[in-house]
Q: 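Questions regarding the structure given below will be posed in turn.
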There are 2 protein chains.
Amino acid sequence: MPDKIEENERLKAMNIILNRVGDKWTVMVFGALFDGPVRFNEIQRAIGTISQRMLTLTLRNLERDGLVIRTAYAEIPPRVEYQFSELGKTLIPAMRAIWDWSSLHHNDIITARMAYDSRNDGLKAAAE
Amino acid sequence: MPDKIEENERLKAMNIILNRVGDKWTVMVFGALFDGPVRFNEIQRAIGTISQRMLTLTLRNLERDGLVIRTAYAEIPPRVEYQFSELGKTLIPAMRAIWDWSSLHHNDIITARMAYDSRNDGLKAAAE
DNA sequence: CTGGATCCTGGAGGATACTG
DNA sequence: CAGTATCCTCCAGGATCCAG
């Protein structure tokens with residue numbers, strides 16, 4: 001660690017990014033955008049569990065941060081497509097890394113979690 | 001996208017991981033552990049803004065998921081050290097990727113955000 | 001179809017006090 | 001020092017209705 005203070009500043013400065021990039025819905029939306037422009041409802045269906053409100057907010061934030069481009073077509077019924085901006089594309093590898101690690105070690109986590117819990121249940125049972 | 005259903009399952013299965021890995025405090029704690037074993041209070045001071053309660057909870061969850069190892073030394077006063085497990089170490093590169101991207105594009109986000117806001121303010125002003 | 005505006009609740013998370 | 005226990009606040013986020 002180079003410098004405690006400096007490191008601390010890095011941590012704080014990064015907070016703003018982590019709050020976007022680490023956001024649960026953000027990562028989900030990123031997953032839905034991997035294969036090109038997608039419409040609002042497509043994203044919602046792809047994620048399956050996100051409410052309309054949260055999807056709207058998440059997309060608006062991503063657009064605000066310059067990571068996603070919103071294109072509205074003046075048609076009836078309206079059509080809106082979302083896709084990565086250039087800046088957004090530079091984030092894909094890092095996101096992929098998280099995704100890949102997750103699918104690779106998903107089971108390890110589950111296993112560790114169960115082991116920890118059974119250990120814990122044992123203690124609780126012993127205490128009674 | 002190979003299969004909508006399958007993709008959807010992947011998203012849901014990943015949720016459990018994202019809730020850990022994408023958690024704000026988790027990422028902060030990871031940053032504090034990069035350089036080896038650290039004591040409870042060291043972590044808290046390094047992060048600076050985390051409450052005792054949240055640090056305890058975060059560390060306990062990380063331990064439960066097998067990402068962090070807790071070592072308590074029977075001394076007076078007590079000393080407890082936290083460090084990455086082998087599983088935790090495999091996650092470091094992905095975390096680094098997020099960190100690196102964040103420090104690299106931190107300013108881009110700030111800029112995009114300001115641009116978006118001023119554009120938005122303009123609209124609001126025009127509406128009045 | 002793509003949202004905006006409201007209302008409402010659960011739970012994240014801070015503050016504080018206590019303990020081995 | 002490294003937590004645990006409790007109380008309390010606030011807001012993320014769902015449900016619902018409305019609109020262009």
Side-chain angles (χ1 to χ4, degrees), chain A residues 11-12 15-16 18-29 32-33 37-65 68-83 116 119-120 123-124 127, chain B residues 11-12 15-16 18-29 32-33 37-65 68-83 116 119-120 123-124 126-128:
Chain A
L11 277 161
K12 284 190 204 162
N15 218 320
I16 180 180
L18 296 178
N19 276 315
R20 172 77 33 246
V21 154
D23 176 66
K24 171 186 173 181
W25 296 129
T26 296
V27 186
M28 302 288 269
V29 167
L33 291 185
V38 203
R39 304 184 55 170
F40 187 90
N41 271 359
E42 287 184 276
I43 305 177
Q44 189 171 22
R45 262 178 286 110
I47 298 181
T49 59
I50 192 173
S51 69
Q52 192 181 46
R53 193 180 111 92
M54 276 305 104
L55 182 53
T56 301
L57 288 178
T58 303
L59 286 170
R60 183 135 355 272
N61 280 326
L62 285 172
E63 189 195 358
R64 182 167 105 104
D65 288 350
V68 157
I69 295 176
R70 190 190 110 115
T71 314
Y73 298 89
E75 306 174 354
I76 307 277
R79 179 165 54 102
V80 180
E81 284 186 348
Y82 295 89
Q83 59 189 303
Y116 183 96
R119 223 179 307 145
N120 209 319
L123 290 182
K124 230 192 303 181
Chain B
L11 278 162
K12 285 189 203 161
N15 219 319
I16 180 180
L18 296 178
N19 277 315
R20 172 79 33 246
V21 154
D23 176 66
K24 173 186 173 182
W25 296 129
T26 295
V27 186
M28 303 288 269
V29 167
L33 292 185
V38 203
R39 303 182 56 169
F40 187 90
N41 273 359
E42 287 184 276
I43 304 177
Q44 189 172 22
R45 264 179 284 111
I47 297 181
T49 57
I50 192 172
S51 68
Q52 195 181 42
R53 194 180 107 93
M54 274 306 104
L55 182 52
T56 301
L57 287 177
T58 303
L59 286 170
R60 186 145 339 281
N61 280 327
L62 286 173
E63 190 196 356
R64 182 166 104 106
D65 288 351
V68 159
I69 295 176
R70 190 190 110 115
T71 315
Y73 297 90
E75 305 172 357
I76 307 274
R79 179 164 55 101
V80 179
E81 285 186 347
Y82 294 90
Q83 60 188 303
Y116 183 96
R119 222 180 305 145
N120 210 319
L123 290 180
K124 232 193 298 181
E128 297 174 13

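Side chains are part of it too, since the values below use all heavy atoms of this structure and drop only hydrogens, waters and symmetry mates.
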Q: Please check this pair: side chain of A/Thr26 against backbone of A/Arg20, looking for a donor-acceptor N/O pair closer than 3.5 Å.
A: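 Yes.
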Q: Measure from CD1 on A/Ile47 to P on D/dG14 and round the result to the nearest Å.
A: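 The distance from CD1 of A/Ile47 to P of D/dG14 comes to 11 Å, rounded to the nearest Å.
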Q: More 5' along DNA chain D: B/Pro77 or A/Asp23, using each one's nearest nucleotide?
A: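 By nearest-heavy-atom nucleotide position, the 5'-most residue is B/Pro77.
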Q: Where is the tightest heavy-atom contact between B/Gln44 and B/Ser51, given as atom of each residue plus distance?
A: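 Closest heavy-atom pair between B/Gln44 and B/Ser51: NE2-C, 3.8 Å.
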Q: Looking at B/Arg79, does any N or O in its side chain come under 4.0 Å of the phosphate oxygens OP1/OP2 on D/dA2?
A: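 For D/dA2, neither OP1 nor OP2 has a side-chain N or O of B/Arg79 closer than 4.0 Å.
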Q: Side chain of A/Pro78 only, heavy atoms from C-beta on: which candidate in C/dG14, D/dG14, D/dG20 is closest?
A: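 Closest of the options to the side chain of A/Pro78: D/dG20.
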Q: How many whole angstroms separate atom CZ of A/Arg60 from atom C1' of D/dG13?
A: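 These atoms are roughly 17 Å apart.
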Q: B/Arg70 CZ to D/dC1 P: how many Å, rounded?
A: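 After rounding, the gap between these two atoms is 16 Å.
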Q: Please report the distance, rounded to the nearest Å, between OH in B/Tyr73 and P in C/dG20.
A: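 Interatomic distance, OH of B/Tyr73 to P of C/dG20: 24 Å.
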Q: Flag the pair B/Arg64 / A/Asn120 as yes when at least one side-chain heavy-atom distance between them is below 4.5 Å, and no otherwise.
A: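 SC-SC contact between B/Arg64 and A/Asn120 ruled out.
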Q: Between A/Met54 and B/Thr56, which has a closest nucleotide on DNA chain D that is more 5'?
A: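 Residue closer to the 5' terminus by nearest nucleotide: B/Thr56.
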Q: Measuring to OP1 and OP2 of D/dG3, would you say a side-chain N or O of B/Tyr82 lies under 4.0 angstrom away?
A: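 For B/Tyr82, the contact criterion (side-chain N or O under 4.0 Å from OP1 or OP2 of D/dG3) is met.
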Q: Mind calculating the distance between CD (B/Glu63) and P (D/dA2) to the nearest angstrom?
A: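 Rounded to whole Å, this separation is 15 Å.
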Q: Choosing from D/dG3, C/dG14, C/dT2, which nucleotide comes nearest the side chain of A/Asn41?
A: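 Taking heavy atoms from C-beta onward, the closest nucleotide is C/dT2.
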Q: Rounding to an integer number of Å, can you tell me how far A/Gln44 CD sits from C/dC1 C1'?
A: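 The distance from CD of A/Gln44 to C1' of C/dC1 comes to 11 Å, rounded to the nearest Å.
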Q: Figure out the CG/P separation between B/Leu55 and D/dA2, and round it to whole Å.
A: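 Spelled out: CG on B/Leu55 to P on D/dA2 is 10 Å.
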Q: When the distance from CG of A/Leu59 to C1' of C/dG4 is rounded to whole Å, what number comes out?
A: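 In whole Å, C/dG4 C1' lies 14 Å from A/Leu59 CG.
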Q: Provide the closest heavy-atom pair for B/Ala32 versus B/Val38 in the form atom of the first, atom of the second, distance.
A: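 Where B/Ala32 meets B/Val38 most closely, the heavy atoms are O-CG2, 3.4 Å.
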Q: Check whether any side-chain N or O of A/Glu63 sits under 3.5 Å from a backbone N or O of A/Arg60 as a donor-acceptor pair, and report yes or no.
A: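 Not a single qualifying donor-acceptor pair exists.
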Q: If the cut-off is 4.0 Å, is A/Arg53 near the phosphate of C/dA5, judged by side-chain N/O to OP1 or OP2?
A: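 Result: no.
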Q: Quick one: which of C/dA17, C/dG13, C/dT2 gets closest to the side chain of B/Gln52?
A: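 Closest nucleotide among those given: C/dA17.
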